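Everything numeric here is computed off the predicted structure, so don't read it as measured data. By convention here, the first residue in the shown sequence is residue 1.
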Amino acid sequence: MRNRTAVTTFILLGLTEDPQLQVFILIFLLTTYMLSITGNLTIIILTFVDSNLKTPMYFFLQNFSFLEISFTTSCIPKYLYSLSMSDRTITYNSCFTQLFFIDLFAVIEFFLLAIMSYDRYVAICKPLHYMTIMNHKVCKTLIMCCWMAAFIIVLPPLSLLLKLEFCDSDIIDHFACDVPPMLKISCSDTWLIQQMMIVCAVVIFVITLICVVLSYMYIIRTILKFPSVQQRKKAFSTCSSHMIVVSISYGSCIFIYVKSSSKEQVKINKGVAVLISSISPMLNPFIYSLRNKQVKQAFKDSLKKIALVSTK
C-alpha cells in the first residue's frame, strides 16, 4: 500500500512561467486585492455607521462584502507571496486548509445570493409586509442557515479528500489548491469523490438558481404591472446591481466547470478563477455603490463628517 505522507508539500504552478508576465500579474493582483479589501470594508463600515443603511438589503450586502473579503483573502495573498518570493511550495496542511475555506466561502456566497434575491422579491412584491417578513431575527437566521448548510455540504467531500494518497506527483496545475487539479495528481481511486463533488455542485447550483430565477420572475411580473414608467425604473434599479453580480457569479461558475482535457481549456479556467477570486470581489463594491443612491449618499456624508472632525 502506498504511503499518503510521501507528499508533505505541493508545488503550485501558478498562471505562467514567464518572469516578465509574473511581475505584471503580481502588480495587477496586488492592486485588485487592495481595491477589493478597501471597497468591501467601506461598504461594511457604511452599513454599520449610517442609520439609512439599516434595512435587510444592506444587512445582506454587509455579509456579502465580508464573504468577498474572506474569499479573496483565502487564495490571493498566498499567490502574491509565491510570486514575490519565487516560492511555489505549499504544505499539505496549508493546502487543505486553503481548499476548505475557498470552497466554504464560495458555497456560502451562492446561498447568500439566493437569499438576496428573495429579499428583493419581498421588497418589491410585498412592500407593505417587507419589514415584518424580513425582520432582523429572520435575517440573522437566514445568514446562520447559509453557514450551516455550507458546512454540511463542504465537510463530507473534504473528509474524503483528506484520505487521498499523493505518491506520484506533487505539482498542482493552478495558483491555489483546488479540487480538480488535486484529483488529477492523486494515485487513489477518486471516483467516489468526483461523484460526490458533482452531486454537491449540482445541488448548490440548482437550488440557488431556482430561487434566484423564481424571485426575479415574480419581481419582473410585479414591476410590469406598475402604472408609471418612473416606478418601474426605480424598482428595476434596486435589483440591477444584484442581477449583475448574480450573472457574473453563475456565468463564471458554469464556464469553469465545463469539462475539457485540452491544455488551452486549463489556461482559460485559470483565468476564470482569477476573475472569480480577484476581479469579481473588486468590482462588486463598485457595482453596488455606483448604482445605489443611498450608498453614495452615505459615503458622501461619512466624508463630510471626517472632514469636519479633521478641521477641529
Side-chain angles (χ1 to χ4, degrees), residues 6-40 68-103 105-106 109 161 164 166-187 190 197 247-249 251-287:
V7 173
T8 57
T9 60
F10 295 104
I11 296 171
L12 298 170
L13 287 184
L15 297 172
T16 180
E17 297 284 341
D18 187 342
Q20 290 183 330
L21 197 54
Q22 284 180 349
V23 173
F24 170 77
I25 291 170
L26 174 63
I27 296 168
F28 175 76
L29 289 181
L30 180 61
T31 304
T32 56
Y33 179 69
M34 295 304 294
L35 287 171
S36 174
I37 298 298
T38 304
N40 284 291
E68 290 287 63
I69 291 172
S70 303
F71 181 66
T72 191
T73 301
S74 64
C75 50
I76 297 301
K78 169 58 186 170
Y79 186 46
L80 290 175
Y81 173 82
S82 174
L83 288 170
S84 60
M85 304 301 292
S86 299
D87 179 11
R88 298 188 296 178
T89 60
I90 184 170
T91 64
Y92 180 92
N93 290 337
S94 296
C95 188
F96 276 93
T97 301
Q98 184 186 59
L99 178 65
F100 168 72
F101 282 112
I102 288 173
D103 288 352
F105 295 135
E109 278 197 18
L161 282 167
L164 289 179
F166 299 94
C167 332
D168 303 323
S169 175
D170 61 351
I171 299 173
I172 298 174
D173 191 7
H174 212 288
F175 65 88
C177 293
D178 195 18
V179 176
M182 291 185 73
L183 293 180
K184 284 182 181 179
I185 65 170
S186 174
C187 51
T190 60
M197 293 299 297
S247 300
I248 293 171
S249 300
S252 301
C253 187
I254 292 169
F255 190 88
I256 204 167
Y257 284 104
V258 172
K259 287 193 174 181
S260 176
S261 58
S262 68
K263 289 184 178 179
E264 281 300 315
Q265 188 63 38
V266 172
K267 290 180 181 178
I268 293 169
N269 283 352
K270 285 183 185 179
V272 178
V274 171
L275 169 66
I276 296 169
S277 61
S278 179
I279 300 172
S280 183
M282 176 196 69
L283 290 177
N284 289 345
F286 295 100
I287 292 170

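Remark: S94 OG to L99 CG distance equals 12.5 Å, nearest 0.5 Å. Note that CG of L35 and CG of L283 are 9.5 Å apart. Values are rounded to the nearest 0.5 Å. Taking OH of Y33 as the start and CD1 of I76 as the end, the distance is 9.0 Å to the nearest 0.5 Å. Atom CG of L15 is separated from atom CG of L26 by 11.5 Å, given to the nearest 0.5 angstrom. Here the CD1 atom belonging to I171 is positioned 10.5 Å from the CG atom belonging to L12, to the nearest 0.5 angstrom. Atom CG of N284 sits about 11.5 Å away from atom CD1 of I279, to the nearest 0.5 Å.
Put simply, the side chain of V179 reaches to within 4.5 Å of the side chain of M197, judged on heavy atoms. No side-chain heavy atom of L161 sits under 4.5 Å from any side-chain heavy atom of M182. The closest side-chain heavy-atom distance from T32 to S36 is not below 4.5 Å. In this structure the side chain of T8 never reaches within 4.5 angstrom of the side chain of T91, judged on heavy atoms. Within the 4.5 Å cutoff, no side-chain heavy atoms of D173 are placed close to those of I185. Residues Y92 and T9 form no side-chain contact, since every pair of their non-hydrogen atoms from C-beta on lies 4.5 Å or further apart. Side-chain contact between T89 and D170: absent, with no pair of heavy atoms (C-beta onward) separated by less than 4.5 Å.
Smallest separation of non-hydrogen atoms from S84 and Y81: OG-O, 3.1 Å. In plain terms, the two heavy atoms of P285 and P281 that are nearest each other are CD-O, 3.1 Å. In terms of heavy-atom proximity, L13 sits nearest to R88 at O-NH1, 3.7 Å. Taking all atoms of both residues into account, the shortest heavy-atom contact from S74 to I102 is OG-CG1, 3.3 Å. Minimum interatomic distance between H174 and A273 (heavy atoms only, all atoms of both residues): CE1-CB, 3.7 Å. Between S278 and T72, the shortest heavy-atom contact is CA-OG1, 4.2 Å.
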Original post:
Where do L164 and L183 land on the side chain to side chain contact (heavy atoms under 4.5 Å, CB included) test, with the steps shown first?
Top reply: CA-CA 8 Å; L164 289 179; L183 293 180; 3.8 Å; yes
**OP:** Check the pair I37, T73 against side chain to side chain contact (heavy atoms under 4.5 Å, CB included), reporting the backbone distance first and the verdict last.
**Re:** CA-CA 9 Å; I37 298 298; T73 301; 3.8 Å; yes
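Ring pair F105/F101 is parallel by interplanar angle, where below 30° counts as parallel and above 60° as perpendicular. Aromatic ring orientation, Y79 versus F175: tilted (interplanar angle from 30° to 60°).
Each of V23, L29, L30 was evaluated against I27; a single residue qualifies, V23, per the side-chain contact (heavy atoms from CB on, under 4.5 Å) test.
Proximity of a side-chain donor or acceptor of S82 to a complementary backbone N or O of K78 within less than 3.5 Å is not detected.
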